[in-house]
2 protein chains.
Amino acid sequence: MNEPDGGNRRSRRGRRPGESGTRNAILAASRKRFAEQGYDNASIRDIAVAAGVDPALVHHYYGSKESLFIAAMRLPNIPGLVGKALESDPEALAEGRLGELLARTVVMIWEDKTLQRTAIGLLRSALTHERAAAMLRDFVRSTIFGQIASTLRSPDAEYRVSLAASQVIGLLMARYVLRVEPLASASGQEVVRAIGPALQRYLAGDIGTDSGTA
Amino acid sequence: MNEPDGGNRRSRRGRRPGESGTRNAILAASRKRFAEQGYDNASIRDIAVAAGVDPALVHHYYGSKESLFIAAMRLPNIPGLVGKALESDPEALAEGRLGELLARTVVMIWEDKTLQRTAIGLLRSALTHERAAAMLRDFVRSTIFGQIASTLRSPDAEYRVSLAASQVIGLLMARYVLRVEPLASASGQEVVRAIGPALQRYLAGDIGTDSGTA
DNA sequence: AATGTAATTCATCAGTCGTAGAATTACTGC
DNA sequence: GCAGTAATTCTACGACTGATGAATTACATT
């Protein structure tokens, strides 16, 4: 007779006793893989292995790779975080510390591993996957554009914000994706000191157009 | 009656009369595809179709996808261009126009379609393909770092240059890959006016460390 | 004219991918 | 205890991928 409770028999078919937390394991593993390899290079089989699970379970829970990606990349309300940061320091705009505030928020968000993976996954996947690019644009729009552009009272607010966004994106790319040294190893404080004033200038300084504080 | 480049007879086997320029067609098509889709998503079959050629010819000429990528991404001496720009304006450093000069050079390089495709192809592929990432780092090192960092006389020259690189990379990402508006549609002149001073500050201004022009 | 070499196409292989369905096992409500 | 449902694994399909080798045609040299 065969033993039903071998214990270490891996390829045992059927349901396992107790709670397995498989659904969350898949989600976490997919975040990791999407962040490290991007949408196309992260295969469902890889994700399943990383989650210690059969590939078919991924489909069972999330239906398709696309849906899994969407579920994995749904960010824990970052626009809310940015909005809170703005509200917590209402003087920032008047006192010319908007850029510094934005830089601090970005660096702070980055300290959360899950948020970091999500954002990098989006960034990585956006380059080859149109759906991911759309999600990233939406994210940028709702976060930076929505929350910040409305704070500015400038006719070229959107241009200013897109400039700031370019610096933020470049920071993430250089620091976390391409790992350009020594920027990649610099501390968050240093980065805020270096980037903050540049963002401030983009948002409210003289950028060569007719508006702005000369 | 005799059509030298018969457009309708597709499946004619064997060598064609006259010069075909197939080798270059493949290279050009691969640059386009690599730039648009990145290394992994650009298939050899796609490239062959874009070049109007049988897929096996790609292997015949370039041996493997990897070698084709290396051949396609070998840049027409950009470090030389940057060096020339620096030599042509030796006063730039002293007069605080180094950032503007760098911005102008970047924007200028971008006007060449082939260079643009090559750089974007590298950028896109770097995120999922380790080989491409290494090529891109080498390129950044030899170009920006080698030519510019040596011009600066600062102990934190490399940190400064990596900051400038982050802004340049972000500009390319936002403008040409993610197409964030209105930055993507802004003219080269506008961009130079907006970005130049930021680069200048990174390279020679006060960035919150102990060196720099306060 | 003969011969060797370069250019081109075709058929095919082994591998990977996303996906689907059937089979097996456990848990829950009656 | 029985039925239904949820969780898990296995097997497989069709599409696509990079790569290879043989067959076919043109050109260059003799």
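Just so it is clear: chains get the letters A, B, ... in the order the sequence lines come, proteins before strands, and each one is counted from 1. Worth knowing before you read on, the calculation uses all heavy atoms, side chains too, and leaves out hydrogens, waters and symmetry mates.
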Quickly work out the B:I47 CD1 to D:dA19 C1' distance and round it to whole Å. 14 Å
Nearest 0.5 angstrom please: B:L122 CG to B:R31 CZ, how far? 10.5 Å
Which residues, if any, of residues 24-37 of chain B bring a heavy atom under 4.0 Å of DNA chain C? none
Using 0.5 Å steps for rounding, measure from the CD atom of A:Q200 to the CD atom of A:E100. 9.0 Å
Out of C:dG21, D:dG18, D:dT8, which nucleotide sits closest to the side chain of B:I44? D:dG18
Residues of residues 63-70 of chain A with any non-hydrogen atom less than 4.0 angstrom from an atom of DNA chain C: list those, numerically ordered, please. A:S64, A:K65
At under 4.0 Å, does any side-chain N or O of B:S43 touch on OP1 or OP2 of D:dT17? yes
Measure the acute angle between the ring planes of A:Y39 and A:F34, then classify it against the limits of 30° and 60° as parallel, tilted or perpendicular. parallel
Would you mind reading off the distance between A:L57 atom CG and C:dG18 atom C1', rounded to a whole angstrom? 15 Å
Between A:H59 (NE2) and C:dT19 (C1'), how many Å, whole number? 5 Å
Does D:dT8 have OP1 or OP2 sitting under 4.0 Å from an N or O in the side chain of A:Y61? yes
Are any of the side-chain heavy atoms of B:D46 and B:Q37 separated by less than 4.5 Å? yes
Which part of the nucleic acid does B:A42 contact within heavy-atom distance under 4.0 Å: base, sugar-phosphate only, or nothing? sugar-phosphate
Closest to side chain of B:A56, choosing from D:dC10, C:dC10, D:dG18: C:dC10
Could B:R33 and B:E36 be called an ion pair, given the rule that one side-chain N must be under 4.0 Å from one carboxylate O? yes
Tell me the interatomic distance from B:D40, atom CG, to C:dG15, atom C1', rounded to whole angstroms. 15 Å
Verify the neighbour count for atom NZ of A:K65: are there more than 12 heavy atoms of other residues, nucleotides or ligands below 6.0 Å? yes
Whole-Å gap separating P (D:dA19) and OH (B:Y62): 15 Å
Taking atom types as modelled, find out whether B:E181 and B:S185 have a side-chain donor-acceptor pair closer than 3.5 angstrom. yes
Looking only at side-chain atoms of B:H60, point me to the closest of C:dT19, C:dT8, C:dT9. C:dT8
Mind calculating the distance between CG (A:D54) and C1' (C:dA20) to the nearest angstrom? 13 Å
For A:T22 and D:dA7, is the shortest distance between a side-chain N/O and OP1 or OP2 below 4.0 Å? no
For the pair A:R137 and A:E130, find out whether any cationic side-chain nitrogen is under 4.0 Å from an anionic carboxylate oxygen. yes
To the nearest 0.5 Å, tell me how far B:M73 CE sits from B:L27 CG. 8.5 Å
